[in-house]
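Structure record follows, encoded as structure tokens.
Values below: every heavy atom of this structure, side chains too, minus hydrogens, waters and symmetry copies. Labels below follow one simple rule: chain letters A, B, ... track the order of the sequence lines, proteins then strands, and each chain is numbered from 1.
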Number of protein chains: 2
Amino acid sequence: MPWRGGKGGPGWEGHFRGCGYRWTVSREVIIEVLSSTRHHMSAEDIYHAVHKDYPAIGLTTVYRTLDLLVDMGLVLKFDFGDKRARYELAEEFSTKEHHHHLVCNRCGRVIDYTEFIDDEVELFKKTEKGLSKKYGFQIKSRMIQFSGLCGNCNREQK
Amino acid sequence: MPWRGGKGGPGWEGHFRGCGYRWTVSREVIIEVLSSTRHHMSAEDIYHAVHKDYPAIGLTTVYRTLDLLVDMGLVLKFDFGDKRARYELAEEFSTKEHHHHLVCNRCGRVIDYTEFIDDEVELFKKTEKGLSKKYGFQIKSRMIQFSGLCGNCNREQK
DNA sequence: ATCCTTATTGAAAATGGTTTTCATTATCAT
DNA sequence: ATGATAATGAAAACCATTTTCAATAAGGAT
């Protein structure tokens, strides 16, 4: 079943209402920004993007909306080691390819990789089933992250 | 080759010297604390543990030492969603079993799981080789993290 | 449509883990 | 021992994120 991001349908709005939250312009706009980028964004990135067309929407609202989205499992929150969190639509709600992150600890570069994903998806499925059974956990999100030195930084490091 | 944590040998001290750093009492003590716990600790946890026997060692030094250890790949830094980072010896330098983390977004509980590790180790090895070849990355650490709701929080959530 | 309850919001202030600064001390090659 | 300089502690600064609080907007009931 394809994901319907549009208004009115069982999409984003339905998720909010289903959890007892109201559907507001701010929320719609913030989701619109997240939907239309191919990059992980910080709260401030999102705030700036939103601000162009909706200057009345404040940074606080961006943070609050992101918190809700993360809680509902619609958005993933990442920590790449600089001090600001990055956000991405969860795979099920995104048009972006399934991927994980490769982070350079020196320069901060982040590569989205999509290789070797098939085996990984299968492993996740199996692990997830086992873990939720054993620990009674309801798993909402999963992440793999490699870090080290990217090509450039590796070379400079005499 | 087993890891020699002891003084003098090619262990911790050797790592520091090899990177051009000095070997100090603070560093030795902080590593001692990390080595003797089975839990991921925050900088402040470590500070308190260290403080009992070495009240002269300050929190700043703990942070600085942890940064070095993370940079050298000897320690892993985790973000479990509360706002403080947690630290653990990297697997190669720890007596603790290979494991990953299962984080409850509601109550913050973290479960270390060791199931399904064999397939995962193999997948990591393969992925890592492919990625470092394709992107020129030197990978220093790898993490998998699941999050969602633990058994208790799941139940309370009517 | 109009009320009314209450969730949502923006601006400003507060928070608090982590970093910086800087003067002092410890390490270690010579 | 000596000197160069890396490491350290205390206090101050930093800054992403949260909290506060009064004003506004959503949406069910009327």
Side-chain angles (χ1 to χ4, degrees), chain A residues 7-8 12-31 33 40-48 50-72 75 77-87 105-106 108, chain B residues 7-8 12-31 33 40-48 50-72 75-87 105 108:
Chain A
K7 321 174 187 181
W12 301 109
E13 183 175 345
H15 259 281
F16 273 83
R17 294 198 190 283
C19 293
Y21 302 123
R22 293 180 181 174
W23 183 241
T24 68
V25 175
S26 304
R27 290 171 179 179
E28 185 170 348
V29 171
I30 289 167
I31 288 172
V33 166
H40 29 256
M41 303 176 85
S42 67
E44 212 171 336
D45 292 337
I46 295 168
Y47 169 70
H48 283 128
V50 159
H51 195 77
K52 289 199 200 89
D53 295 321
Y54 297 83
I57 296 176
L59 180 56
T60 310
T61 295
V62 173
Y63 274 109
R64 283 189 282 226
T65 302
L66 288 170
D67 280 351
L68 282 184
L69 287 165
V70 170
D71 258 16
M72 292 189 287
V75 161
K77 182 177 183 178
F78 295 97
D79 169 25
F80 294 150
D82 56 355
K83 329 224 43 179
R84 48 187 44 169
R86 304 305 161 100
Y87 301 86
N105 293 327
R106 183 100 23 214
Chain B
K7 321 174 185 182
W12 300 109
E13 181 174 346
H15 259 281
F16 273 84
R17 294 198 189 285
C19 293
Y21 301 122
R22 294 179 180 174
W23 182 242
T24 68
V25 176
S26 305
R27 290 171 180 178
E28 185 171 349
V29 172
I30 289 167
I31 289 171
V33 166
H40 29 255
M41 302 176 85
S42 68
E44 213 171 336
D45 292 338
I46 296 168
Y47 169 70
H48 283 129
V50 160
H51 196 78
K52 287 199 203 88
D53 295 321
Y54 296 84
I57 297 177
L59 180 55
T60 309
T61 295
V62 173
Y63 274 110
R64 281 189 284 226
T65 302
L66 288 170
D67 279 351
L68 282 184
L69 287 165
V70 170
D71 258 15
M72 292 189 289
V75 162
L76 298 182
K77 182 178 183 178
F78 295 95
D79 170 26
F80 294 149
D82 55 355
K83 331 224 40 174
R84 47 188 44 171
R86 305 304 163 99
Y87 300 86
N105 292 326

Item to complete: Scan nucleotides 11-20 of chain D nucleotide by nucleotide, 5' to 3', and note B when protein non-hydrogen atoms come under 4.0 Å of the base, S if they reach only the sugar-phosphate, - if neither.
Response: B----SSBBB
Item to complete: Report, as a single string ordered 5' to 3', how protein heavy atoms within less than 4.0 Å touch nucleotides 25-30 of chain D: B base, S sugar-phosphate only, - not at all.
Response: BBS---
Worksheet item: What is the distance, rounded to the nearest whole Å, between atom OH of B/Y47 and atom P of C/dG17?
Response: 14 Å
Discussion item. For the OH atom on A/Y54, are there more than 12 heavy atoms of other groups (residues, nucleotides or ligands in this structure) within a distance under 6.0 Å?
Written reply: no
Worksheet entry | Residues forming a salt bridge (charged side-chain N to carboxylate O under 4.0 Å, His left out) with B/R22, sequence neighbours excluded | none
Practice prompt. Using whole Å, report how far OH of B/Y54 lies from P of C/dA26.
Written response: 15 Å
Practice prompt. Go through the structure and list residues passing salt bridge (charged side-chain N to carboxylate O under 4.0 Å, His left out) with A/D82, not counting sequence neighbours.
Written response: A/R86
Worksheet item: Is there a donor-acceptor contact under 3.5 Å from the side chain of B/H48 to the main chain of B/E44?
Response: yes
Fill in: Length of the CD1-P vector between B/I30 and D/dT8, whole Å
7 Å
Worksheet item: Rounded to whole angstroms, how far apart are CD1 on A/I57 and P on D/dA23?
Response: 21 Å
Fill in: side-chain hydrogen bond (donor to acceptor under 3.5 Å, both in side chains) against A/S26, all qualifying residues, sequence neighbours excluded
none
Worksheet item: Can you name the salt bridge (charged side-chain N to carboxylate O under 4.0 Å, His left out) partners of B/D67, sequence neighbours left out?
Response: none
Fill in: Length of the line joining B/D82:CG and C/dT18:C1', which is rounded to integer Å
14 Å
Worksheet item: For B/L68, does its backbone N or O pair with a side-chain atom of B/D71 as donor and acceptor, under 3.5 Å?
Response: no
Worksheet item: Centres of the A/H40 and A/F80 rings: under 6.0 Å?
Response: yes
Discussion item. Can you tell me if A/R27 touches the phosphate of C/dT9, counting only side-chain N or O atoms and a distance under 4.0 Å to OP1 or OP2?
Written reply: yes
Worksheet item: To the nearest Å, how far apart are B/L68 CG and C/dT19 P?
Response: 12 Å
